[in-house]
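Inspection log for the structure reproduced underneath, given as structure tokens.
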Number of protein chains: 2
Amino acid sequence: MTARIAQVDLPGVTPSRQQRSRETTFALLTAGAELLCTRNLAELSISDLCAQIGATVGAFYSRFDSKEAYFNALLALTLEGGRQELLKLPPAGSVHPGDLDAQCHQLVRGIVLWMRRHKGVLRAALVRGEHGANNWTGFKDLAQALSQRAALLLRPAPHDSGAVRRKPAATAAELKTVAFGVQVVLSTLVNAILNDPGPLSIDDDEIAERLGACLVLLLRAGSDGPAPKPRGRPSKR
Amino acid sequence: MTARIAQVDLPGVTPSRQQRSRETTFALLTAGAELLCTRNLAELSISDLCAQIGATVGAFYSRFDSKEAYFNALLALTLEGGRQELLKLPPAGSVHPGDLDAQCHQLVRGIVLWMRRHKGVLRAALVRGEHGANNWTGFKDLAQALSQRAALLLRPAPHDSGAVRRKPAATAAELKTVAFGVQVVLSTLVNAILNDPGPLSIDDDEIAERLGACLVLLLRAGSDGPAPKPRGRPSKR
DNA sequence: CAATAACCATAATTATGATTATGATCTGGA
DNA sequence: TCCAGATCATAATCATAATTATGGTTATTG
């Protein structure tokens, strides 16, 4: 999404055969991402969008099959960028146990920075009610990938330090703890983008601090202590 | 919202002068809450809504000024009910320090149960992009009230046990910690309602367990240890 | 430098659903 | 019981914005 005015090959997007159309396609996508910081998807009319870049609806429909296809493309590109960027966090593959704290903070901070940069598209996508699941699965995939990433924080890669004090593989319970931690972190950020309930907003650096710390607490509590004391009957999932 | 077919006096709602209309008003509100579990607000057409209860659009518009007024009323009633219900949680006003754990769990569980029961309206309200702030402020108020409530958990009411080991009033830092904890809990639940990202959904009892435990961790960490170690420059707010 | 296909602008068309107009039918108080 | 509202049903409006139709303009290619 940054600078590559390269081909965009996605369903519902007419492939460009000339440089000109590649540019309008790109311009439309970029302008949309920008405008979605203000309006939501329903409020973003095709003609507004086109006016923004000095084009007309005719141009739009010669590039995209429909408004939905357009937004799907925009979202797909955004998420793909996110995958690229986030899955290299935290940078170091193997860490010393003591680094858990720093690594968590770094991971969360990376997520926050990415989300800030894509507020508009993310909000629009998250708000889009029901419809085809095509939409939300992309998020789930990303979240799951992040979860796996975070699991590595807890249990460094098997071939790591010589010490063999812990089993190399994380237990199922630990995996669930990690997944829940990621759910909490992402949910808080998503809600900050959607509703900004306060006290901390997505643009406060402190939100990254606190969520990082929160993740540390959850991971630690889940890995040494027993599972959070069960009450009531067992739940599903 | 439960059984009182009493007057509903809200802006945009025409006051009923006959029993009949009181009933249709109530039926419309109830049916809307139900239908919103499936569709979102945009997908809920007035005629669908009316068909649902065997009425027609004429009836609707003789009760409500507009669709927006209708939903505002629905939301207002829902939130009012929430205030009534949630602000009596946790039941005991004064608690022993050791009860923090149990109280947190109870508070969170209460919130979860309430949210489950109002999924539809809550989702619709949360999804409603931008527009007049009339909407979201209701939530903020509730969240803030909950926050104060939670603050009491941390620091029991001043006139409590004879022991004077802690200052009776919570520090500003502690209040912020509490507010953040509430933000995390509510955000996770809101996102569970909106997007159900997993692993835990709003209908899993385990989500209440884990969030309760999470709240405990956050409160404890914030009240004894120093604030989460600051890195980078200080943030706003 | 044509000729042909891409590309795009303009001006309809269409679909949807909220809102209103109009007149019947009901209700509660006298 | 009877009637003046109150309430509701039906059938138009209206507004909005997505989508299409049509034809002109621009780029590639032989």
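On a predicted model such as this, the values are computed, not experimentally measured, just so you know. Every chain is numbered from 1 and lettered A, B, ... according to where its sequence line falls, protein lines coming before strand lines.
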Salt bridge (Lys or Arg N to Asp or Glu O under 4.0 Å) against R83(B), all qualifying residues, sequence neighbours excluded: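 Partners of R83(B) under the salt bridge (Lys or Arg N to Asp or Glu O under 4.0 Å) test: E80(B).
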For E85(A), salt bridge (Lys or Arg N to Asp or Glu O under 4.0 Å) partners two or more places apart: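 Residues passing salt bridge (Lys or Arg N to Asp or Glu O under 4.0 Å) with E85(A): R117(A).
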With Y61(B) via ring-ring contact (aromatic ring centres under 6.0 Å, His included) - residues at least two apart: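 Counting only residues at least two positions away or on another chain, Y61(B) forms no ring-ring contact (aromatic ring centres under 6.0 Å, His included).
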Listed partners of F180(A) passing ring-ring contact (aromatic ring centres under 6.0 Å, His included), at least two apart: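 Expected list: none.
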Carboxylate-amine/guanidinium contact R210(A) D204(A), below 4.0 Å: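 Not counted as a salt bridge, because no side-chain N and carboxylate O are separated by less than 4.0 Å.
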Given V121(A), V13(A), L77(A), T24(A), the one that forms side-chain contact (heavy atoms from CB on, under 4.5 Å) with L29(A):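 Exactly one option meets the side-chain contact (heavy atoms from CB on, under 4.5 Å) with L29(A), and it is L77(A).
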With sequence neighbours left out, what residues match [X] under side chain to side chain donor-acceptor pair (under 3.5 Å)?
X	result
K67(A)	none
T56(B)	none
R116(A)	D205(A)
R20(A)	none

Stretch residues 44-59 of chain A: residues that reach within less than 4.0 Å of DNA chain D through a heavy atom: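 Output list: L44(A), S45(A), I46(A), V57(A).
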Per-nucleotide protein contact string for nucleotides 22-30 of chain D, where B marks a base within reach and S marks sugar-phosphate only (heavy atoms under 4.0 Å, - for neither): ----BS---
Side-chain heavy atoms of L10(A) within contact of N72(A), under 4.5 Å: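 No, too far: nothing below the 4.5 Å cut-off.
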For atom CZ of F60(B) and atom P of dT10(D), their distance in whole Å: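 That distance rounds to 18 Å.
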Chain B contact limits on DNA chain C, taken 5' to 3' with a cut-off of 4.0 angstrom to heavy atoms: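 So the outermost contacting nucleotides come out as dA18(C) to dG28(C).
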Exercise: identify the closest heavy-atom pair between A192(A) and I207(A):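 Taking A192(A) first and I207(A) second, the nearest heavy atoms are CB-CD1, 4.3 Å.
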Degree of bending, the helix from dC1(C)-dG30(D) to dA30(C)-dT1(D) (end axes from five pairs; round to 10°):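 Comparing the first five pairs with the last five, the axes sit 10° apart.
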